[in-house]
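Working notes, structure below.
Lettering of chains follows the sequences in order, A, B, ..., and the numbering in each one begins at 1. Since the model is a prediction, treat every value here as computed from it, not as a measurement.
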Amino acid sequence: MYARYFRRHALQQRISRVRVIDERILGTRKGTLIRRLTGQQFTEVRRHGKHLFAAAGTTWLHLHFGMTGDLAFYTDSAEEPRFARVVFDFESGGHLAFEDMRLFGIVDLTHDPEDYIRDHRLGLDPIDPNFNLREFRRHLRKRRGAIKPLLMSQTLVAGVGNLYADETLFRAGIHPLRPIERLTPNDVKKIYANLRRVLDEMVALKARQGEYSPRSLVMHREENDHCPRCRGEIRRAVVGGRTTYYCGRHQV
DNA sequence: CGACAAGCCTGGTAGC
DNA sequence: TGCTACCAGGCTTGTC
């Protein structure tokens with residue numbers, strides 16, 4: 001719920017200063033970022049998967065949260081996060097920090113979010129009503145190879161990473177290496193339904209800072225653990241270069 | 001102290 | 001042959 005947080009704390013605030021603490025997080029030149037944002041105010045916020053866009057003056061600030069990216073708003077400078085990479089100081093005295101321990105995120109500018117999404121071939125946002133079973137099927141038709149990397153590819157839906165891809169297949173009872181061409185129409189339907197469910201559930205969970213269900217795979221990402229659904233053994237494999245966990249019994 | 005985990009982009013290559 | 005999709009590798013750093 002980065003967008004909501006950004007809206008609540010930064011909308012209509014005038015930026016008195018932009019501080020770049022670690023240039024490695026930038027996707028644009030430091031001088032450009034500072035020049036184009038200083039003195040402006042954020043007037044509109046949009047979200048697309050793990051990307052956030054905020055209009056300011058004639059440009060848009062673009063944030064990508066990667067794995068450890070987060071926002072922190074504070075008024076007391078002593079509360080500046082340890083891994084703050086870019087901080088926006090507001091005239092009101094507040095500060096909004098983009099923090100990112102692992103630097104997998106990005107901070108840059110774009111002239112239009114729509115263009116950015118198109119240029120980077122990002123798939124639909126999972127809550128976009130245009131993302132439906134039909135669209136999912138249409139996308140699968142031109143793909144080959146294992147199902148898991150497809151779920152993670154940003155050209156399908158923006159924002160599905162390793163954990164959520166595993167969780168989706170776990171619930172759908174599909175093996176992560178199952179070739180796309182060997183999925184029955186019913187398998188596809190199950191994957192789609194579970195992908196929706198997982199994303200909705202995880203977003204809701206984050207919003208209220210809840211905990212993962214003990215019945216979810218997320219809580220059993222360890223080899224030789226037992227499946228919370230069927231007691232089968234949890235297996236580990238590398239799929240698409242990513243560590244993958246699945247139940248050796250009910251995921252076929 | 002080295003291996004590992006994460007999201008996702010890049011660049012080289014296999015396939016239609 | 002030319003495009004597209006696939007896949008390995010790389011970035012970073014706290015934790016085991």
Rounded off to whole Å, could you give me the CG-to-P distance for the A/Leu103 and C/dG14 pair?
10 Å
For A/Ile180 and B/dG15, give me the distance from atom CD1 to atom P, rounded to whole Å.
15 Å
Remember a base hit wins even if backbone is also touched, and classify A/Arg121 as base, sugar-phosphate or nothing at under 4.0 Å, heavy atoms.
nothing
Looking only at side-chain atoms of A/Phe104, point me to the closest of B/dC9, C/dT13, C/dC11.
C/dC11
Tell me whether the side-chain N/O atoms of A/Arg143 come closer than 4.0 Å to OP1 or OP2 in C/dC7.
no
Round to the nearest Å and state the distance from A/Glu222 atom CD to C/dC16 atom C1'.
12 Å
Between CD1 of A/Ile106 and P of B/dC9 the distance, given in whole Å, is 9 Å
Separation of C/dA5 atom C1' from A/Ile147 atom CD1, nearest Å, is 14 Å
Report the residue (A/Arg236 or A/Gly241) whose heavy-atom-nearest nucleotide on DNA chain B is the more 5′ of the two.
A/Arg236
Taken to the nearest whole Å, CD1/A/Ile25 to P/C/dC11 is 16 Å
Please report the interatomic distance CD(A/Glu201) to OH(A/Tyr212), rounded to the nearest 0.5 Å.
10.0 Å
If the cut-off is 4.0 Å, is A/Arg221 near the phosphate of B/dC4, judged by side-chain N/O to OP1 or OP2?
no
Under a 3.5 Å cutoff, is there a donor and acceptor pairing between the side chains of A/Ser216 and A/Arg171?
no
How would you label the contact of A/Tyr164 with the nucleic acid (heavy atoms, under 4.0 Å): base, sugar-phosphate, or nothing?
nothing
Do the side-chain N or O atoms of A/His64 get closer than 4.0 angstrom to the phosphate oxygens (OP1, OP2) of B/dC8?
yes
Assert yes or no for the condition that the ring centre distance of A/His51 to A/His62 is strictly below 6.0 Å.
yes
In Å and rounded to the nearest 0.5 Å, what is the CG to CD distance from A/Asn224 to A/Glu233?
5.0 Å
Is the gap between the ring centers of A/Phe104 and A/His64 under 6.0 Å?
no
Without decimals, in angstroms, what is the distance between A/Leu156 CG and C/dA5 P?
12 Å
Round to a whole Å and report the spacing from CZ of A/Arg242 to C1' of B/dC4.
11 Å
Can you tell me which nucleotide in B/dA5, B/dC8, C/dC11 comes closest to the side chain of A/Arg102?
B/dA5
Nearest-nucleotide wise, let me know which of A/Tyr245 and A/Val160 is further upstream toward the 5' end of DNA chain B.
A/Tyr245
In terms of side-chain heavy atoms of A/Lys50, which of B/dA6, B/dC8, C/dC6 is nearest?
B/dC8
